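Each remark here refers to the structure printed beneath this line.
The structure displayed is predicted, hence computed values, not measured ones.
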Number of protein chains: 2
Amino acid sequence: MYGRQKIKFLLSQLEAAGRRSTPQRHAVCQALVEHGGHPTVADVFERVRAIFPMISQATVYNTIDTLQELGLIQQLDIANHEHTHYDLDLRPHINIVCTRCGIITDLYTESLHILLTQVSQHSSYRIDPHSSLLVYGLCPACQRVTEWDRVD
Amino acid sequence: MYGRQKIKFLLSQLEAAGRRSTPQRHAVCQALVEHGGHPTVADVFERVRAIFPMISQATVYNTIDTLQELGLIQQLDIANHEHTHYDLDLRPHINIVCTRCGIITDLYTESLHILLTQVSQHSSYRIDPHSSLLVYGLCPACQRVTEWDRVD
DNA sequence: CTTGCTGCAAAAGATTTGCACGTGC
DNA sequence: GCACGTGCAAATCTTTTGCAGCAAG
């Protein structure tokens, strides 16, 4: 599901949950969807202000909190990142985070499913099937940079 | 490595890196080790004050930051937790977090190694071999509670 | 005597909250 | 009319920073 469809989906889910679909919320959903990646509240706020110059940060926070409560977006707390990121892709996947530049790349692999199954079997927790994972590493560009730095 | 040994190890690693081993830092390392689980700065600060009533929060933050820079402890940013947690166990493992009560349980499973290998192969990132993962779910106790709540 | 560490207080900065006003149902 | 949503500003709270004094090598 992409673009306009996804926006409508989010708003219809809000209404299905008894919440209201307001112009501000439409703008927030639009900004979330159009960002494409893993936006922060600040990213969304900046985009939304292009449409709604008067919107308040609190509204953006409220809307995002509501979307998260309904399980429509997923919160990503990334080590050493100032802002909390959000992920619109609810399919289980791996978010690889560069520990140097912070760029986030998605990866879909069968071994995630295997791992979650193992975790379910070996622990007494009921694992969230939407679980996405964070894995940290160095992206290709930063690998090159750190090689230049290396003095050995 | 446990207890006193681990404390000495941390301090010796500090010195090996050209940092100083001070009584305050000893107390911070001791608090980290004796906590046993996944302490936050607040947890450590509270424990350290029992030994060093005059210690400042800044010192605790500084020490923990230094230990992290040297790769001696690992930072865990857990969604919806106010404080940042730290993990003294550097072996790759999975931290299962209860989304309701916040309790964290460690799990060691071979499939983590498989997953990290896959991620290394399928992405161009250089994955941190110490990578520990966060997985979210409901712990046994909270599973029971949420069943009582269920109205269905 | 130079560098790093500590303690204190203030600052910074992200997120939350209280409240009054508006709006949809 | 009522419940919900919005905007604004202030509050909250964690973490960082500047700086002066101190200690270690």
Seminar exercise, completed: By nearest-nucleotide position on DNA chain C, the 5'-leaning member of B:Gly18 and B:Phe52 is B:Gly18

Problem set entry | A:Tyr61: side chain to side chain contact (heavy atoms under 4.5 Å, CB included) partners, not counting sequence neighbours | A:Val41, A:Gln57

For this session: Select base, sugar-phosphate, or nothing to describe what A:Gln57 touches, counting heavy atoms under 4.0 Å on all strands.
Result: base

Exercise. Quick one: which of C:dT15, D:dT15, C:dC8 gets closest to the side chain of B:Thr84?
Worked result: D:dT15

Exercise. Going by an N to O cut-off under 4.0 Å, is there a salt bridge joining B:Arg4 and B:Glu34?
Worked result: no

Exercise. Between atom NE2 in A:His26 and atom C1' in D:dG5, what is the gap in whole Å?
Worked result: 17 Å

Problem set entry | Under-4.0 Å side-chain N/O to phosphate OP1/OP2 contact, A:Thr59 with D:dG7 | yes

Exercise. For A:Phe45 and C:dT15, what is the distance between atoms CZ and P respectively, to the nearest whole Å?
Worked result: 13 Å

For this session: Determine, step by step, whether A:Leu134 and B:Leu134 satisfy the side-chain contact (heavy atoms from CB on, under 4.5 Å) criterion, reporting the C-alpha distance in whole Å, the side-chain angles of both residues, the deciding distance to 0.1 Å, and the verdict.
Result: CA-CA 7 Å; A:Leu134 291 173; B:Leu134 292 173; 5.7 Å; no

Seminar exercise, completed: In whole angstroms, the gap separating P of D:dG5 from CG of A:Leu11 amounts to 13 Å

Exercise. Can any side-chain N or O of B:His85 pair as donor or acceptor with the backbone N or O of B:Leu76 at less than 3.5 Å?
Worked result: no

Exercise. Is B:Arg20 side chain donor-acceptor paired with the C:dC5 base, going by distance under 3.5 Å alone?
Worked result: no

Exercise. Of the candidate nucleotides D:dT17, D:dG7, D:dT15, which contains the atom at the shortest distance from the side chain of A:Ile55?
Worked result: D:dG7

For this session: In whole angstrom, give the distance that lies between atom CD of B:Glu82 and atom C1' of C:dA14.
Result: 13 Å

Seminar exercise, completed: Whole-Å distance, A:His81 NE2 to C:dG13 P, equals 17 Å

For this session: Would you indicate which nucleotide in D:dT15, D:dC8, D:dT17 comes nearest to any side-chain atom of B:Ala58?
Result: D:dT17

For this session: Among D:dG7, C:dT6, C:dG7, find the nucleotide with the atom closest to the side chain of B:Ser56.
Result: C:dG7

Exercise. Between the side chain of A:Thr22 and the main-chain N/O of A:Arg25, is any donor-acceptor distance below 3.5 Å?
Worked result: yes

Problem set entry | A:Tyr61 side chain near C:dT16 phosphate (N/O to OP1/OP2, under 4.0 Å) | no

Problem set entry | Check: A:Val33 main-chain N/O paired with A:His35 side-chain donor or acceptor under 3.5 Å | no

Exercise. Whole Å only: how far is the CG atom of B:Asp77 from the P atom of D:dT14?
Worked result: 15 Å

Exercise. How close or far is atom P of D:dG5 from atom CG of A:Leu67, stated in whole angstroms?
Worked result: 12 Å

For this session: Indicate, with a heavy-atom threshold strictly under 4.0 Å, whether B:Asn80 touches base, sugar-phosphate, or nothing.
Result: nothing

Problem set entry | Test item: side-chain donor near acceptor, B:His93 and B:Asp87, under 3.5 Å | yes

Exercise. Can a side chain N or O of A:Thr22 be found less than 4.0 Å away from OP1 or OP2 on D:dT6?
Worked result: yes

Exercise. Separation of A:Arg49 atom CZ from D:dG7 atom C1', in whole Å?
Worked result: 13 Å

For this session: Kindly check if the number of other-residue, nucleotide or ligand heavy atoms within 6.0 Å of CD (B:Glu82) is above 12?
Result: no

Exercise. Start at the 5' end of DNA chain D and walk down; is the nucleotide closest to A:Met54 or to B:His83 reached first?
Worked result: A:Met54

Problem set entry | Along DNA chain C (nearest heavy atom to each residue), the more 5'-positioned of A:Asp65 and B:Pro23 | B:Pro23

Exercise. Bend across the helix from C:dC1-D:dG25 to C:dC25-D:dG1, to 10°, with axes taken over 5 pairs at each end?
Worked result: 30°

For this session: Ignoring backbone atoms, establish whether B:Gln24 has a side-chain N or O less than 4.0 Å from OP1 or OP2 of C:dG7.
Result: yes

Exercise. Which nucleotide in the set D:dT15, C:dT6, D:dT17 lies at the smallest distance from any side-chain heavy atom of B:Arg25?
Worked result: C:dT6

